[in-house]
Structure formats: C-alpha cells, structure tokens
Amino acid sequence: MTLEAIDVTMGFDGMGVLQDVSVDVDRGEVLTIVGPSGTGKTTLLRLLAAFRPPASGTITWEGQDLWSLSAEERLAIRRRMSMVFQEPSLFNAPVHRNVTYGSRVRQPWSKRLEHGLRELVGRRPMDDTIRDVLETVSLTDKADQNALSLSGGEAQRVAFARALAVDPDVMLLDEPTSNLDPRNTAMLESAIERARDRGVGVVVATHDMHQAERISDRVGFILGGELVELGPAEQLFEQPTDPRTAKFIDGELMYDEPEDSAEQATGSPGTA
C-alpha cells in the first residue's frame, strides 16, 4: 500500500481521539472515512499527512515508517501528498497564481525568481498543467480572476486544483463539500473521480453517507475514535457487518464529544 496507518492511537489534553485505527490507501482508489462529527476523522487525516506523529502505532509510506526517517526525508514524502481543508485558504491574487503556489514553493529558488520576473512583466503563458487542473474543476474561464472574488464553491474548487497541480500520489480531503451547494458538490465529486482515474490515491473524510456511496471504492466507518468497519463501498452500504454501521447508514444520529479541540485551536499547518 502507498500510505498506511497501523494501529494508530491519538489524544489531546488527556482525551482519547483515535484508538488502534488501521487504514490504507493505494494509488488509483478513493477511500472515504465516514462518521459523525467529532469522531476523529480530521485527526486521522492529519496523522496520514505526517503533520505530527501518533501517540502510538505507525504511519508508513510504501512500507517506510515516516517517523523513523529524517526530517528532510519525511518532507520529501510529504511533498508527494497534498491536502484540502474544509475551509479554503486562498491568496489575494489571480486564480492561476493560487493554483501554482504549491508547485512554485517546491522549486529551487532560482526557478521561483524566474517565475516571479515573468509575472512582473506580464509574460505568463498558461502551461498544460495549470490548464489541465483548471479544466478538471471547470474553472478555466476564471484563471485571471482574483481568487478572493469567487463564490465559496468556486474557492473550494481552486483549493482542489492547487492540491492536484503538484501531481501528488495521494490527496487527503477533509469534508471538502460540507458547505457547498449541489452544483459545486457535483463538480468536486467529478474532480475526485478524475483524480482517481489518473492514478492518485484519494482519502476523503465526510459525514455525508450518500457522497461516500457515490464516489468511494472503499469506505471506513469511524465512531468514537474506533474504526468500526472497513470494506468495499458496495458491501458496506448493502451488507454492513456491524450493527452500528447499519444504524448510521439508516440515519440514526450518533453524537460524540467535539474532536481534538486542542489541535483545532492551533489552526491548520502550513504548506510543506
């Protein structure tokens, strides 16, 4: 497997958030983690992204324990992943500049300087990568528009395009459509499927069971920090093996304490 969590446990301020959770994702598949708010989905994504080590257990990339590597080696692997948060964070700049941000900061300083000089003199040909990712999210016509003038759904599609533009092996998406209208939700779901079809492994955290059923190859159901069930989407939705999964699918509400409040208070980590 490309990216794997093995028996990971995590907590904050003495409160357990995840307990012995094991999941994996490979290139070219969509793995959806579903469950009520506050059950540990965001924490699991952050551990998979190597933002911080688990309290116990292992996060591996192609069999390598990420936290046994040097900081430089771990950063190189983190740059093979990208993450989209629930709330997009865009710059006061044209859409194309926002989309290229991740790829630009990964370039050597000389290349970044050359790119900046071309921007200053107005010589900015839209290369194939930018055109491709903007087409993926249906925003080619917005390339030169200021990103801060976009609607919420368009902004989230820009955030997705930016994450895809770095040509990642794995994308991690935290509730990417939770506040979007049906049209933008459908566009992002289509973009997720297109990313999968080009060989990207995609992990989506969501509480939307219908979305999970539409886009997933495999689904994991997490409740109270426990991975209750993990399996092919069709099997999990039609013949769940755990009664708690069946209750959640049937719409019975389950509430837990707010998720990792100490971590949320610190804000989102910056771009690697």
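Side-chain atoms are counted along with the backbone in the values below, which use heavy atoms only and exclude waters and symmetry mates.
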Using side-chain heavy atoms (C-beta onward) and a distance below 4.5 Å, is [X] in contact with [Y]?
| X | Y | result |
| --- | --- | --- |
| L47 | M10 | yes |
| F160 | P88 | no |
| V203 | L173 | no |
| I33 | F221 | no |
| V170 | V200 | no |
| F85 | P176 | no |
| L69 | Q64 | yes |
| I130 | T100 | yes |

Legend entry - side-chain contact (heavy atoms from CB on, under 4.5 Å) between T32 and I215, worked out: CA-CA 8 Å; T32 301; I215 67 174; 4.1 Å; yes

Legend entry - salt_bridge(D24, R218) N-O dist < 4.0 Å: yes

Legend entry - E62 and R80 ion-paired at < 4.0 Å: yes

Any side-chain donor-acceptor pair under 3.5 Å between [X] and [Y]?
| X | Y | answer |
| --- | --- | --- |
| S22 | D7 | yes |
| Q211 | T177 | yes |
| S149 | Q145 | yes |
| E193 | S190 | no |

Which atom of [X] lies closest to which atom of [Y], heavy atoms considered:
| X | Y | value |
| --- | --- | --- |
| A50 | W67 | O-CZ2, 3.5 Å |
| G40 | L18 | O-CD2, 3.5 Å |
| R162 | Y101 | CD-CB, 4.2 Å |
| R196 | V202 | N-CG2, 4.5 Å |

Inset, instruction - Identify which one of D65, I59, T60 satisfies the side chain to side chain contact (heavy atoms under 4.5 Å, CB included) criterion when paired with I6. - result: T60

Inset, instruction - Let me know which of L44, T43, T42 forms a side chain to side chain contact (heavy atoms under 4.5 Å, CB included) with R46. - result: T42

Legend entry - Criterion side chain to side chain donor-acceptor pair (under 3.5 Å) against S178, the qualifying member of Q156, H207, Q86: Q86

Legend entry - Residues in salt bridge (charged side-chain N to carboxylate O under 4.0 Å, His left out) contact with D132, at least two apart in sequence or another chain: R198

Legend entry - Side-chain (N98) to main-chain (F91) donor-acceptor, under 3.5 angstrom: yes

